[in-house]
Amino acid sequence: MEELAVFGGDPVRKTPIHYGRQCIEEDDIAAVVEALRSDLITCGPRNEELEEKLCEITGARYAVAVANGTAALHLAAMAAGFGEGDEVIVSAITFAASANCVLYCGARPVFADIRPDTWNIDPESVERLITSRTRGIVAVDFTGQAVEHDALRRICEKNGLILIEDAAHAIGTKYKGQPVGSIADMTCFSFHPVKTVTGGEGGAITTDDEQLYHRLMRLRTHGITRSQEEMVHPTDAKWYNEQVELGFNYRMTDFQAALLLSQLNKLPKFAERRKELVRKYDQAFRDMPEISIQREIPESDTVRHLYVLRLKPDRLTCDRRQFFDALYAENVCAQVHYLPVYWHSYYEKLGYVKGLCPNAESYYEEVMSLPLYYQLTDADAEDVIRAVNKVVEYYRK
Ligand SMILES: *Cc1c(COP(=O)(O)O)cnc(C)c1O
């Protein structure tokens, strides 16, 4: 048997390959340069164009561009009216920001378990957690796969809850043919460089609700309004604006909006390549007894942000840490998404204990995300597959 690089053998690849990276092309750079030469470099015409483009892609009536995905979640949670004494149900397997936005509002995140095979929030777990204090759900389209909207909508309608969809992974994904972004009460996107399209930093909220839209726009700029209808002391003086509530500066610059517009034009080709790579990986790993792959619900037409490899510990002599380190030594630099949010020491200090979400916890112990991005070549993907095969062979029971 070939010796693993971690024990001194030759690595599958000479150069490291990372789990994600942006694709910035010359026309993206030109778009940014052009924006920098214009009069308005923040919150100008390109922000408006970006918002129109997001409406076009998602089918939502309104879009609000913001500084990043976390700001999008924060504003959505505020606009939802979450506050002191409220409970909001959040997926346990997600980036901490999905739950932090609830804390920002003084409300308490309550963590729902994931399904053991799709790894998305389990509507049955959500239902069990509902109390008289529950106000909403933050559901994450994990890896890009749409959450079970039909089930979640039934729960929300029955209990009067607001659904915020954290679609940071899921731009381009559809549920029953309908684009993510036009389904939940509010949908939040992130345009961080590892995501499918990027603005360097960037985020957005989409909604069909006019009132939520106006509130989000106001909160994005300090809670200040120029609309007489929203003022306590209305006047038609041209210089007058009024702060009517406590908001933030969560604006996006116009050169970031320019980059995002250029990137969004490429979403179809980015999405297609990601789907191709997912098919390639699935084909390679589907029949390996040591590995499980993510189950896709038929309703979701998924643009994947992450490709997760899940080990079957009873089929291997190594644990996840050893497997991960071995892959790393082969120069395949995986990552782990995610620690159950309530395992973070900050949440531990808030009183959350281990054992809350057993599926999420065993998921976390067994997974790693493989390289997945637009510019990953077929040869790169084959290297990744060879490296996984090599490590599996070495540790096979
Ligand atoms: C990236 C991400 C965020 C945060 O987005 P930023 O733009 O980095 O603030 C929130 N939720 C999920 C699930 C993410 O992956």
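No hydrogens, no waters, no symmetry mates; every other heavy atom, side chains included, goes into these values. Residues take their numbers from the sequence shown, with the count starting at 1. First listed ligand is number 1; within each ligand, the first listed atom is number 1. Just so it is clear, the structure is predicted and the values come from calculations on it, not from any experiment.
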- For ligand 1, does Asn68 get within less than 4.0 Å through its side chain, its backbone, both, or neither, judged by non-hydrogen atoms? both
- Message: Within 45 degrees of the ring normal and closer than 6.0 Å to the centroid, is that where the cationic atom of Arg21 sits relative to Tyr374?
- Response: no
- Message: Tell me if the aromatic rings of His74 and Tyr250 count as close, with their centers under 6.0 Å from one another.
- Response: yes
- Message: Tell me the protein heavy atom at minimum distance from atom 4 (C) of ligand 1, and give that distance in Å.
- Response: Thr70 OG1, 3.6 Å
- Item | Identity and distance of the protein heavy atom lying nearest atom 11 (N) of ligand 1 | Asp166 OD2, 2.7 Å
- Closest protein heavy atom to atom 3 (C) of ligand 1, given as residue, atom name and distance to 0.1 Å: Phe95 CD2, 3.7 Å
- Note on the structure: atom 2 (C) of ligand 1 has as its nearest protein heavy atom Lys195 NZ, 2.7 Å
- Query: Parallel, tilted or perpendicular for Phe285 and Tyr307, by the 30°/60° rule?
  - Reply: tilted
- Do you know the tightest heavy-atom contact between Ile24 and Gln263? CD1-NE2, 3.9 Å
- Note on the structure: For Gly69, the ligand 1 atoms with a heavy-atom partner under 4.0 Å come out as 5 (O), 6 (P), 7 (O), 9 (O)
- Message: As an exercise, identify every atom of ligand 1 less than 4.0 angstrom from a heavy atom of Thr94.
- Response: 13 (C)
- Ring geometry between Phe142 and Tyr363 (parallel below 30°, tilted from 30 to 60°, perpendicular above 60°): perpendicular
- Message: With a cutoff of 4.0 Å, is Phe189 in contact with ligand 1, counting heavy atoms of the residue only?
- Response: no
- Note on the structure: In this structure, atom 15 (O) of ligand 1 is nearest to the protein heavy atom His169 NE2, 2.8 Å
- May I ask you to check whether Trp343 and Tyr364 place their ring centers less than 6.0 Å from one another? yes
- Item | Verdict with supporting geometry, Glu296 and Arg304, side-chain contact (heavy atoms from CB on, under 4.5 Å) | CA-CA 11 Å; Glu296 289 266 338; Arg304 251 347 149 75; 3.1 Å; yes
- Query: To the nearest 0.1 Å, how far is atom 5 (O) of ligand 1 from its closest protein heavy atom, and which atom is that?
  - Reply: Ser190 OG, 3.2 Å
- Message: Any carboxylate oxygen within less than 4.0 angstrom of a Lys/Arg side-chain nitrogen, looking at Glu366 and Arg320?
- Response: no
- Message: Within ligand 1, which atoms have a heavy atom of Tyr338 less than 4.0 Å away?
- Response: 15 (O)
